[in-house]
Visitor: 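Structure below; questions to follow.
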Amino acid sequence: MLNRRTLLASAAAAPLASLIPDALAATPKDTVVFALAIDDVITCDPGEAYEISAQIFLSSVYDRLMRYEAEDKSKLVGGVAESWTVSPDAKTFTFKMRPNQKFESGAPVTADDMAFSLQRVVIMNKTPAFLFTQLGWNKDNVRSLVTAPDLSTLQFKIMEEFAPTLVLNLMATVAASVVEKKVALANESNGDLGNTWLKTHSATSGPYRLVVWKANESVVMEGNPGYHLGMPKTKRVVIRHVPEPGSQRLLLEKGDIDIALNLQPDQLKPLATEPDIKVESFPYSGTWYIGLNLGDSRLKNPKVRQALKYLVDYHGMADTFLKGRFAVHQTFLPLGLFSAIPYDPYKLDVAKAKALLAEAGYPDGFELRLSVANNSPDLEMAQSVQQTMGQAGVKVNIVATDQKQRTTEFRARKHQATLISWTPDYLDPHTNASTFAFNDNDSDDAPHPLAWRCHYMDPAVNAATMAAVKEVDPEKRKAMYADLQKKVTDEGPYILMFQPANQIARRANVTGYDPGIVEDLYFFRTIVKS
């Protein structure tokens, strides 16, 4: 195994081009090459990274305290932790570290490294810090609350009343990755806990080590034989920055890349008939919906909201221009998350919608401004909604803008209706319940969850949300979220429509790539190339 000194020397001696397959040349047998738009990556430090592309590859670089593994992505298991216990009051968590784990430097992984890694996320206070500060940790108390009584024992205390399943899920995020304390501190600059150095290096015990990241160009990773589940099946992974879907398709057809992640329907359709290429769809954890602003007196009327929910042709869209990319799903928890339910009570029913509108005092309908991003499939969805709502007299005026303008309007509560999507921050139902359902302060200077953006504040829903996040019994908690999902679907300010799928195209000789429902479940170590 190359140590850090050897790695740095070889990286300095060899140009980046030597690590990346040449254009118009078949990829090496021991290397899998991805094409992906990675211009969102700003750092490779797991205590700072929160961008989608960074999550995709850092989950294959770093191991973390807890994990969902490729072999069973539905089961939460130990990562660097072998076992754990929770105190009766659900406030103290004790973890026993898995023995014989090694960092890429060859040093053993200890509980002190894990404690340091959690502490530095809070102390640095970068984007992912909120995942842990909600536990009551802050830069002043985190060192006393997160400790390593000995080299094999990690213990932490939380200051809030949370279900253990929520806390353990937070420990399965990329932010809970273990970095080698000695290496991070040896490269510390101005008290940054190694952050500047770790932007472009790794100090990992995970399945791969970072060889190089070059912004807007590529990421190169090599297998780490010291990983506790063994050497990955593919020695090297390269991610090439290819922002144009059309270019990705051409590279895939020529064999210059093995897997394309950003292809659009017009590129995927012709590839489906090519014998050397396979096109596959995998469920993703997004939620596509229309947010209705209850600051509008018309939309505040529950019968109006019910009517609008019956004026969307969910299945018509899913069976035609969205086929293979979206499935009808009408709750705020995407299927695949704990306690998500298959609840789809609405379908296009113009007669029922007209009756509800008449009961609400709008027999002739009204005009509604629908804000939407000026891209596909958003525009096509909006046009379908415009056509079906028009059948009941609701004249939808589509306002198409760039995504930034649409989102800014939504965050400022200046919209009437907005077609938009949401993805969870971690694999626990509270991540979506806390934003779709909970809003205990509707004033203009309050925090800004999705419920706040839509002027949705229901004391009973707030109470149910907080009760569910505190419930220790998993089965009781599951039932509580099922009830909450139904209530928000039926009464809330959202027309919940679809759960998307990730569509990828790969060379037929590359197998074993099975992306999960969130970016940090995209496993590289199981990929096999024949």
Side-chain angles (χ1 to χ4, degrees), residues 45-47 58-59 61-69 75-124 128-185 193-194 198 202-207 226-229 426-428 472 520:
D45 183 344
L58 286 178
S59 60
V61 172
Y62 285 93
D63 203 1
R64 42 199 121 146
L65 186 58
M66 303 290 293
R67 289 217 67 141
Y68 290 88
E69 292 289 9
K75 184 179 180 182
L76 183 63
V77 298
V80 296
E82 184 176 49
S83 63
W84 57 94
T85 58
V86 183
S87 63
D89 65 356
K91 291 293 187 69
T92 302
F93 293 71
T94 304
F95 301 82
K96 288 296 182 180
M97 302 294 285
R98 195 182 301 277
N100 303 317
Q101 298 176 98
K102 302 283 187 184
F103 285 110
E104 59 182 288
S105 68
V109 178
T110 70
D112 189 47
D113 292 298
M114 191 69 249
F116 167 76
S117 300
L118 296 176
Q119 293 166 2
R120 72 186 292 271
V121 175
V122 175
I123 294 167
M124 291 193 305
F130 81 96
L131 296 170
F132 301 153
T133 57
Q134 66 182 311
L135 301 176
W137 300 350
N138 58 53
K139 64 179 182 180
D140 297 319
N141 68 17
V142 70
R143 286 192 173 96
S144 63
L145 294 175
V146 181
T147 62
D150 57 59
L151 293 179
S152 64
T153 306
L154 171 76
Q155 187 172 87
F156 63 69
K157 297 181 180 180
I158 66 172
M159 308 301 289
E160 303 293 335
E161 293 185 23
F162 283 142
T165 48
L166 166 62
V167 179
L168 295 174
N169 270 302
L170 291 173
M171 297 303 131
T173 61
V174 168
S177 298
V178 60
V179 300
E180 186 176 355
K181 179 179 179 179
K182 182 178 179 180
V183 171
L185 292 181
L193 300 176
L198 283 167
S202 62
T204 179
S205 64
Y227 180 52
H228 74 86
L229 289 178
Y426 47 91
L427 289 174
D428 185 88
V472 173
D520 58 0

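Numbers here are sequence positions counted from 1.
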Visitor: In Å and rounded to the nearest 0.5 Å, what is the NZ to OG1 distance from Lys157 to Thr94?
Guide: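 Spacing of NZ (Lys157) from OG1 (Thr94) equals 9.5 Å.
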
Visitor: Do Ser117 and Lys181 pass the side chain to side chain contact (heavy atoms under 4.5 Å, CB included) test, and can you show the C-alpha distance, the side-chain angles, and the key distance before you say yes or no?
Guide: CA-CA 7 Å; Ser117 300; Lys181 179 179 179 179; over 6 Å; no

Visitor: Using a strict cut-off of less than 4.0 Å between a Lys/Arg side-chain nitrogen and an Asp/Glu carboxylate oxygen, indicate whether Arg120 and Asp45 qualify as a salt bridge.
Guide: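 Yes, this pair counts.
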
Visitor: Do Glu104 and Ser205 pass the side-chain hydrogen bond (donor to acceptor under 3.5 Å, both in side chains) test, and can you show the C-alpha distance, the side-chain angles, and the key distance before you say yes or no?
Guide: CA-CA 6 Å; Glu104 59 182 288; Ser205 64; over 6 Å; no

Visitor: What's the verdict on side chain to side chain contact (heavy atoms under 4.5 Å, CB included) for Phe132 and Val122, showing C-alpha distance, side-chain angles and the deciding distance?
Guide: CA-CA 7 Å; Phe132 301 153; Val122 175; 3.8 Å; yes

Visitor: Run the numbers on Asp89 and Ser87 for side-chain hydrogen bond (donor to acceptor under 3.5 Å, both in side chains), then give the verdict.
Guide: CA-CA 5 Å; Asp89 65 356; Ser87 63; 2.5 Å; yes

Visitor: Would you indicate whether the side-chain heavy atoms of Met97 and Glu82 approach each other to under 4.5 Å?
Guide: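 Heavy-atom side-chain distance check fails, nothing below 4.5 Å.
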
Visitor: Of all the heavy-atom pairs spanning Glu180 and Ser105, show the shortest one and how long it is.
Guide: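 Reported closest heavy-atom pair: OE1-OG, 2.7 Å.
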
Visitor: Can you tell me how far CG of Asp428 sits from CG of Asn169, rounded to the nearest 0.5 angstrom?
Guide: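 Interatomic distance, Asn169 CG to Asp428 CG, rounded to 0.5 Å: 5.0 Å.
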
Visitor: Does any non-hydrogen side-chain atom of Phe95 lie less than 4.5 Å from one of Leu168?
Guide: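 Heavy-atom side-chain distance check passes, below 4.5 Å.
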
Visitor: Does a side-chain heavy-atom distance below 4.5 Å link Met124 with Leu193?
Guide: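 Side chain of Met124 against side chain of Leu193, heavy atoms only: contact under 4.5 Å found.
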
Visitor: Does the side chain of Val179 reach to within under 4.5 Å of the side chain of Phe116, using non-hydrogen atoms?
Guide: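 They are in contact (side-chain heavy atoms under 4.5 Å apart), so the answer is yes.
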
Visitor: Do you know the tightest heavy-atom contact between Gly136 and Glu160?
Guide: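 Looks like N-CG, 4.1 Å.
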
Visitor: For residues Leu76 and Ala172, report the shortest heavy-atom separation together with the two atoms involved.
Guide: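 The pair with the smallest heavy-atom distance is CD1-CB, 3.7 Å.
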
Visitor: Looking only at atom types and distance, does a side-chain atom of Ser202 sit under 3.5 Å from a main-chain N or O of Thr204, one as donor and one as acceptor?
Guide: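 Answer holds: no.
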
Visitor: Side chains of Gln155 and Thr147: any donor to acceptor distance under 3.5 Å?
Guide: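 Distance-only check fails for Thr147 and Gln155.
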
Visitor: Please determine whether the number of non-hydrogen atoms from other residues, nucleotides or ligands lying under 6.0 Å from atom CG of Asp140 exceeds 12.
Guide: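 More than 12 heavy atoms, drawn from other residues, nucleotides or ligands, come within 6.0 Å of this atom.
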
Visitor: Roughly how far, to the nearest 0.5 Å, is the CG atom of Leu427 from the CG atom of Leu166?
Guide: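 Rounded to the nearest 0.5 Å, the CG-CG separation comes out at 11.5 Å.
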
Visitor: Less than 3.5 Å apart, any donor N or O on the side chain of Ser152 or Asp150 sitting next to an acceptor on the other?
Guide: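 The criterion, which ignores hydrogens and geometry beyond distance, is satisfied for Asp150 and Ser152.
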
Visitor: How long is the gap from CZ on Phe130 to CG on Leu170, to the nearest 0.5 Å?
Guide: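 That separation rounds to 8.5 Å.
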
Visitor: Please determine whether side chain to side chain contact (heavy atoms under 4.5 Å, CB included) holds for the pair Val167 and Ile158, giving the CA-CA distance in whole Å, both sets of side-chain angles, and the decisive distance to 0.1 Å.
Guide: CA-CA 9 Å; Val167 179; Ile158 66 172; 3.9 Å; yes

Visitor: With side-chain contact (heavy atoms from CB on, under 4.5 Å) as the test, pick out the partner of Arg64 among Val80, Val178, Leu118, Asp520.
Guide: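 Considering Val80, Val178, Leu118, Asp520, a side-chain contact (heavy atoms from CB on, under 4.5 Å) with Arg64 is found only for Asp520.
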
Visitor: Looking at Trp84 and Gly78, would you say the former's side chain and the latter's main chain have a donor-acceptor pair under 3.5 Å?
Guide: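 Answer holds: no.
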
Visitor: Please check this pair: side chain of Tyr227 against backbone of Lys102, looking for a donor-acceptor N/O pair closer than 3.5 Å.
Guide: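 No, Tyr227 side chain to Lys102 backbone: no donor-acceptor pair under 3.5 Å.
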
Visitor: In the structure I gave you, are the side-chain heavy atoms of Val146 and Gln119 within less than 4.5 Å of one another anywhere?
Guide: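 Touching, per the 4.5 Å side-chain cut-off.
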
Visitor: Do Thr153 side-chain atoms and Pro149 backbone N/O form a donor-acceptor pair below 3.5 Å?
Guide: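 Not a single qualifying donor-acceptor pair exists.
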
Visitor: Are Val77 and Tyr68 packed together at the side-chain level, in the sense that at least one heavy-atom pair is separated by less than 4.5 angstrom?
Guide: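 When only atoms from C-beta onward are counted, Tyr68 and Val77 do not touch, as no gap falls below 4.5 Å.
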
Visitor: For residues Met171 and Tyr426, determine if any side-chain heavy atom of one lies less than 4.5 Å from a side-chain heavy atom of the other.
Guide: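 No, their side chains stay 4.5 Å or more apart.
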
Visitor: How many angstroms lie between atom CD1 of Ile123 and atom CH2 of Trp137, to the nearest 0.5 angstrom?
Guide: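 Output value for this atom pair is 11.5 Å.
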
Visitor: Examine distances only and state if a side-chain atom of Arg98 and a backbone atom of His228 form a donor-acceptor pair shorter than 3.5 Å.
Guide: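 Here the side-chain-to-backbone pair does not exist.
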
Visitor: Are Asn141 and Ser144 close enough, and set up right, to give a side-chain hydrogen bond (donor to acceptor under 3.5 Å, both in side chains), and what steps lead you there?
Guide: CA-CA 6 Å; Asn141 68 17; Ser144 63; 5.8 Å; no

Visitor: Would you give the length of the straight line joining atom CZ of Phe93 to atom OG1 of Thr85, rounded to the nearest 0.5 angstrom?
Guide: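 Atom-to-atom, Phe93:CZ and Thr85:OG1 are 9.5 Å apart.
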
Visitor: Between Asp63 and Ser177, is there a side-chain heavy-atom distance shorter than 4.5 Å?
Guide: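 Of all side-chain heavy-atom pairs linking Asp63 with Ser177, none is under 4.5 Å.
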
